[in-house]
Amino acid sequence: MVLEMTYPELARAVNPTHDIKLFAGRSNAKLAQEIADYLGTTVGPMVIKNFADGEIYVQVKESVRGDDVFIVQPLCNPVNENLVELLIIIDAFKRASAKTITAVIPYYGYARQDRKTSGREAITAKLVADLLTTAGADRVLAMDLHTGQIQGFFNILVDHIFATPILVDYVKGLNIPQEDMVVVSPDTGGVQRSRHFAKQLECPLAIIDKRRDKHNEAIAAHVIGDVEGKICVMFDDIIDTAGTITEAAKLLKSKGAKKVYIGAAHAVFSGPALERLENAPIEECIVTNTIPWDADKLPSKVKQLSVAPLLGQAISRIHDDESISSLFGFEKEMKV
């Protein structure tokens, strides 16, 4: 079930009469419609189809000359198809004389290859940034990038927003006694993000030390901090195969944790992820709908929250030349 919630940060009314041209690729049409509903507009008409050999055809079905265009397209599975589709859509709007083109990318695929960790590796996060720029995007609106340094890969404007208000608000709604709660970082790389969660929830922070021997496989080894008798809340930016975070949950339980809640901004859920989450010693897995999932196919433990209000408000502010950082004032604190 996708839960729609109201947040104080999003209370500012959106003017439904201003001329926002919102369009969407095929990767998450439902989220695009939710954003359109929030903005009081519609998703613009386009023809997107595949030729017999798999090539993608795009035609914009209304005039966008001189307009600010926003294209919603997360780069989720099938990531290569969705990436090429987004590039072709951007090219179509560039050739249709749109004034500005903003690629709204709730989930930025290829983000995890953001540096060389051994010889002769590609840096795909930079490559995707170059492709978007070459295609004709003027701006990117992204949510919870894997690392903040990806913003520096672009020579165009990047607005980086976070699902933190949604996740924090949901956890507060669980009414966990403050003295019983501890936020746990699933690894050392997520400490800054988890520290912000801990500050918002006004509780202590613990850290899991893990080692990674190969892609999609990590081993949780030690817990730094006190979790015995506590209710642990552990968030990451991505849950892919769910191996890392479910093993971390098992480790927390073995160290005496009373309950464990886990979650992430992006529910990639590859391979055995759903089975692992169903069998994990957790109360709930809290994710957002940046990546589309049919609620009927998700385990009962998975709670999906809508990011449409956050994205809608960000789109409105970009269009009206208003501040994004005032909506997400914690960005400076997180420094990610």
Side-chain angles (χ1 to χ4, degrees), residues 7 9-10 12 14-15 18-25 27-28 31-32 34-36 38-39 41 67-76 83 86-87 89-90 93-94 98-111 114 125-126 128-167 192-193 196 237-238 265-266 288-291 306-336:
Y7 313 100
E9 300 93 329
L10 306 179
R12 188 182 72 90
V14 174
N15 179 2
H18 65 189
D19 192 24
I20 291 177
K21 291 292 184 75
L22 185 71
F23 294 84
S27 65
N28 199 342
L31 174 59
E34 290 180 13
I35 295 171
Y38 177 82
L39 291 170
T41 185
D67 290 329
D68 294 327
V69 169
F70 296 83
I71 307 162
V72 180
Q73 177 83 334
L75 303 181
C76 50
L83 172 58
L86 176 58
L87 298 175
I89 292 171
I90 292 170
F93 281 108
K94 179 177 69 174
K99 180 182 178 182
T100 63
I101 302 170
T102 300
V104 181
I105 308 177
Y107 172 65
Y108 187 92
Y110 282 113
D114 60 348
K126 167 61 174 169
V128 170
D130 290 342
L131 290 170
L132 292 167
T133 304
T134 301
D138 298 293
R139 191 179 202 126
V140 167
L141 173 59
M143 176 170 280
D144 282 278
L145 292 169
H146 185 58
T147 57
Q149 72 191 43
I150 293 173
Q151 297 172 81
F153 294 166
F154 287 87
N155 290 322
I156 58 176
L157 296 170
V158 177
D159 288 300
H160 185 200
I161 65 175
F162 302 89
T164 306
I166 294 174
L167 300 173
Q192 286 183 316
R193 181 182 294 105
H196 178 71
D237 61 323
I238 295 170
H266 307 301
T288 77
N289 63 341
T290 58
I291 296 174
S306 178
V307 294
L310 285 173
L311 289 169
Q313 190 61 249
I315 288 170
S316 175
R317 287 169 180 257
I318 290 170
H319 179 75
D320 293 338
D321 293 324
E322 296 182 358
S323 171
I324 298 292
S325 61
S326 63
L327 181 60
F328 301 93
F330 52 86
E331 288 184 77
K332 291 182 180 179
E333 177 189 333
M334 290 181 71
K335 297 180 181 177
V336 298

For the side chain of [X] and the backbone of [Y], is there at least one donor-acceptor N/O pair under 3.5 Å apart?
| X | Y | answer |
| --- | --- | --- |
| Gln149 | Asp114 | yes |
| Asp138 | Ile101 | yes |
| Asp144 | Ala163 | yes |
| Ser316 | Gly312 | no |
| His266 | Tyr108 | no |
| Asn28 | Asn289 | yes |
| Thr102 | Arg139 | no |
| Tyr38 | Leu311 | no |
| His160 | Leu145 | yes |
| Ser27 | Pro74 | yes |

Counting C-beta onward and ignoring hydrogens, is there a side-chain heavy-atom pair between Val140 and Leu157 closer than 4.5 Å?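 No, too far: nothing below the 4.5 Å cut-off.
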
Exercise: identify the closest heavy-atom pair between Glu34 and Ala308: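 Nearest heavy atoms, Glu34 then Ala308: CB-CB, 3.5 Å.
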
So how far is it from Leu87 CG to Thr133 OG1, rounded to the nearest 0.5 Å?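 The OG1 atom of Thr133 is 10.0 Å from CG of Leu87, to the nearest 0.5 Å.
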
Spacing of CZ belonging to Phe70 relative to CG belonging to Leu141, to within rounding of 0.5 Å: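 One finds 8.0 Å between CZ of Phe70 and CG of Leu141.
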
